[in-house]
Amino acid sequence: FSGAGGGNDIQWCFSQVKGAVDDDVAEADIISTVEFNHSGELLATGDKGGRVVIFQQEQENKTQSHSRGEYNVYSTFQSHEPEFDYLKSLEIEEKINKIRWLPQKNAAQFLLSTNDKTIKLWKISERDKRPEGYNLKEEDGRYRDPTTVTTLRVPVFRPMDLMVEASPRRIFANAHTYHINSISINSDYETYLSADDLRINLWHLEITDRSFNIVDIKPANMEELTEVITAAEFHPNSCNTFVYSSSKGTIRLCDMRASALCDRHSKLFEEPEDPSNRSFFSEIISSISDVKFSHSGRYMMTRDYLSVKIWDLNMENRPVETYQVHEYLRSKLCSLYENDCIFDKFECCWNGSDRQVKFFTRTSDLPNIVMTGSYNNFFRMFDRNTKRDITLEASRENNKPRTVLKPRKVCASGKRKKDEISVDSLDFNKKILHTAWHPKENIIAVATTNNLYIFQDKMN
Amino acid sequence: MLGKGGKRKFDEHEDGLEGKVVSPTDGPSKVSYTLQRQTIFNISLMKLYNHRPLTEPSLQKTVLINNMLRRIQEELKQEGSLRPVFVTASQPADPLSDNFREAQPAFSHLASQPLLPTDFVSTTPLESCLTPASLLEDDTFCTSPTVQHDGPTKPPPPALQPVKDSFSSALDEIEELCPAPTSAEAVAAETAADDSKDHPSESNVQKPEGFPESRTAESKLMDSLPGNFEITTSTGFLTDLTLDDILFADIDTSMYDFDPCTSATGAASKMAPVSADELLKTLAPYSSQPVTPNQPFKMDLTELDHIMEVLVGS
C-alpha cells in the first residue's frame with residue numbers, strides 16, 4: 001500500500017486484460033457486471049449487449065509457483081435479448097444488470113443473470129465425452145436402414161473436445177414494473193430476491209410463475225414519490241434477513257419473519273447530514289449505489305457518490321468507518337450534475353474471506369480491505385486494519401506481468417507534484433463501476449468501460 | 001470536460017459556492033447563489049425533458065432531479081413569502097398536502113407554460129397566462145391590497161435612472177456568469193438544442209429533431225392511456241407538463257405572470273412573482289436604494305422584456 005510496505009500489505013501486479021484494444025468502444029461491449037463464483041475458479045462478466053462471458057482459471061501450474069492460473073474464456077452466451085414493451089412503446093434494454101452465482105451442487109454451474117425486467121437461471125455444463133457406436137444411427141447422425149444392421153453393439157462414451165454449453169433453465173419474468181437493480185441469493189440456496197426501484201420480490205428458484213412481494217414503497221400517488229430502492233441483499237447467514245438501500249442514503253434491514261410485507265423495517269441505518277458539507281447536491285450524492293454484507297454478516301458496506309461507509313449492524317445512527325473515495329470531486333458537483341456523472345453507480349466489494357488463516361493468530365490480523373472504483377480508470381482500496389488507502393490505475397500501459405502497480409495520486413488544488421494528476425485532467429468517461437475480489441485469493445477483477453483487468457498480488 | 005475556457009470561469013464561481021456554506025443572505029455571494037440555483041434549476045428541467053425517447057428513463061434519476069427542482073422551488077417560495085409582493089390577503093398558509101400539488105403547476109410555470117388541466121388544478125384561467133401584457137397594464141396591480149403587506153419592509157421608491165443603470169450592469173453580470181443555461185430557461189425546445197452545442201459533454205443527445213420526437217412519443221402515450229398514471233410515470237412523472245410544454249413552449253410567461261386574478265388557484269400567483277422577485281433581489285445589491293414593489297413594477301416589465309429578449313438571444 002502507499003508508504004512503506006508492511007508484512008501484510010499487498011503489492012498488486014498486472015496479470016491480464018480482456019477485451020478490445022481500440023479506443024472506439026462498441027456500446028454492446030460495455031461491461032455492466034463482474035462476478036466471481038464461489039470457488040473463484042470462474043469469473044463472469046455481463047455486458048450492455050446482453051451477453052455473458054465466463055472465464056475459467058487454469059489449474060495452477062505446480063512448476064510456476066510465482067503466478068496463479070490465468071483466466072481464459074470458458075463460455076460465451078447471449079443471456080438476454082432486447083425486447084419491446086408494446087404497451088409503453090419503449091424498448092427494454094438487454095443490458096445485464098447483475099449476475100449472481102449459485103454454489104455448486106453437481107458438475108454443472110448455475111448462475112442468475114438479469115436485465116431490467118427478466119431474471120434467468122442459466123446452467124453451464126461441460127461435455128467432454130460423447131456416445132459412439134449407435135446401432136441405428138451413423139456417426140454423423142443419419143439414420144441407418146435397419147435392414148443393413150447385421151450385428152449389435154453397445155454404445156460407449158468416447159472423449160471429445162471440451163464443449164461448454166449454457167442453457168436457460170428458468171425464466172422469471174413479468175414480476176417487475178420498474179427496472180431491476182439487484183438480485184441476491186438467499187443463504188438457504190432455495191430462494192432469492194429481486195429488487196426494482198419500488199418493489200422487492202422473493203422467488204423460489206424452482207418456481208417461475210409466481211413470486212412474493214416483500215417490499216413495496218410505491219406511493220398511492222406517484223407524484224408523491226421522492227425515494228427509490230437502489231440496491232438490496234440477503235444477509236449471508238440469516239435467511240430471514242435482508243437489507244435495501246435508497247436514493248436518500250438510508251439502509252433498511254428487514255426481517256421476513258415479522259410480516260409478509262416488510263414495509264416496516266426492523267432497523268434503519270442513516271447518518272445525519274454534515275451541515276458544513278451541505279449543497280444543492282447533498283441528496284443526490286447521498287444516494288447509495290451499492291450495499292454489500294461482510295462475509296461474517298456483522299458489517300455491511302455502502303457506496304454513495306463520494307464515499308464508502310462501513311456499518312455495524314448493531315449501530316443504526318452512523319457508520320463505524322467512512323472512507324473518501326474522491327473528495328476532490330466535491331467542488332465539481334455542478335459540472336458532474338450537468339454531464340450526468342453524478343448519477344454513476346459505483347459498486348464496492350470486500351476482500352475474499354478464506355485467507356491464509358494459518359499464518360495469523362489474531363482476527364485483527366486478517367486482511368480486511370474494501371475496494372471500489374473511480375474515474376480516469378482509477379480504483380481505490382481501503383485497508384480497515386491499517387487505515388491506509390491506495391489508488392491504482394487499470395490501463396494497458398502497466399501491462400507487464402509481475403510488475404507492481406504504481407500508486408496514483410490526484411492533486412486537488414494548488415501545485416501539482418510530479419506524477420500527480422490534476423482534477424481537471426481526469427477523464428470522466430473512463431469510469432470503473434464494477435470490481436470483484438476472488439473469494440479466496442488476492443486476485444481482483446476490475447472492469448473499465450469495455451475491458452476486464454485482472455490483477456493479483458506479487459507472490460514470492 | 002472540466003477544462004479551460006468558459007467552464008473554468010464557471011468553476012471558479014462554483015468553487016466559491018460549493019466549497020463552503022453559502023447562505024442566501026450573504027452579501028455579494030447572494031447573487032451567485034441565486035444564479036447558481038437558477039442554473040441548476042434550468043439544468044434539471046432540461047434533464048427531465050431531454051431523455052432518450054427509446055428506452056424508459058431511469059426512475060431514480062427522475063426522482064432525484066425532481067426532488068432537486070422541488071427543493072429549489074420551496075426555497076424560492078420561502079424567499080418569495082418574505083417579500084409578499086403579489087400574495088393576496090386571501091392566500092391561505094400552505095397546508096402540507098398542498099405542497100405537492102403546487103409543486104406540479106409551479107414547475108409548469110417556470111418551464112414557461114401555463115397551469116395544466118391536472119386533477120387538482122382545474123380552474124386556471126389560461127387566457128390570463130397567455131396574454132400577460134394586457135393584464136400587466138392594469139393599474140389595479142399597483143393599488144392591490146397586497147401592497148399593504150410590504151409596508152414595514154419597503155423603503156421609498158428610488159429614481160428611475162440609477163436603477164436602470166444598475167440593472168444593466170446586473171444584466172451584464174448575469175449574462176457573463178451563465179449565458180447558456182438562462183437562454184434555455186426562456187424557450188425550452190429551441191434553446192435546448194443551442195445549449196447542447198454549448199455543452200457537448202452532456203451525455204444526452206439533444207438534437208432539435210430529437211426533442212419533437214420525444215414529445216410526440218409522450219403525447220402518444222398521453223392519448224393512448226389517459227387514465228393510467230402508472231404507465232405514464234415511466235416516462236417521467238411530469239408527463240402532464242411535457243404535453244403542455246409542447247403546446248405552449250414558445251410562449252415564455254415566466255417573467256410576466258404577476259396576475260393576482262389567478263390568486264384563487266394559489267399556485268400561479270405564488271410562483272410566478274418569485275421569478276420576478278429573484279430579479280429584484282439581484283438588483284438590490286446594485287442599487288443604492290432598495291426597490292419597492294409598486295414603483296419598479298411597471299418599469300420592470302419593460303426592463304424584463306428587454307432582458308428576456310437579450311437572454312433568449314433573439
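Excluded from the calculations below are hydrogen atoms, water molecules and symmetry mates; all remaining heavy atoms, backbone and side chain alike, are included. Lettering follows sequence order; numbering is per chain, from 1. Computed from a predicted model, the values in this text were never measured in an experiment.
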At what distance, to the nearest 0.5 angstrom, does [atom1] of [X] lie from [atom2] of [Y]?
{"X": "B/I40", "Y": "A/S279", "atom1": "CD1", "atom2": "OG", "answer": "7.5 Å"}
{"X": "B/I43", "Y": "A/N339", "atom1": "CD1", "atom2": "CG", "answer": "10.0 Å"}
{"X": "B/M68", "Y": "A/S282", "atom1": "CE", "atom2": "OG", "answer": "9.0 Å"}
{"X": "B/I65", "Y": "A/D340", "atom1": "CD1", "atom2": "CG", "answer": "6.5 Å"}
{"X": "A/E338", "Y": "B/M46", "atom1": "CD", "atom2": "CE", "answer": "7.0 Å"}

Looking at A/F280 versus B/Y33, is the centre-to-centre ring distance below 6.0 Å? yes

Just to verify, what does A/D196 make a side chain to side chain donor-acceptor pair (under 3.5 Å) with, not counting sequence neighbours? A/H176

Using a 6.0 Å cut-off, check whether atom CG of A/D263 has over 12 heavy atoms from anything other than its own residue. yes

Count the heavy atoms of every other residue, nucleotide or ligand shown that sit under 6.0 Å from NZ of A/K248, and state whether that count exceeds 12. yes

Minimum heavy-atom separation for [X] and [Y], please, with both atom names.
{"X": "A/H179", "Y": "B/P57", "value": "CE1-O, 4.4 Å"}
{"X": "A/E227", "Y": "B/V63", "value": "N-CG1, 3.8 Å"}
{"X": "A/T226", "Y": "B/N67", "value": "O-ND2, 2.8 Å"}

Proximal component of A/L198, with respect to chain B [non-hydrogen, under 4.5 Å]: side chain

Less than 4.5 Å apart, side chain to side chain, heavy atoms only: is that true for A/Y337 and B/K47? yes

So do A/I342 and B/L64 actually touch side chain to side chain, heavy atoms under 4.5 Å? no

Any chance you could lay out the side-chain contact (heavy atoms from CB on, under 4.5 Å) test for A/N181 and B/Q60, step after step, and finish with the verdict? CA-CA 11 Å; A/N181 52 56; B/Q60 179 195 0; over 6 Å; no

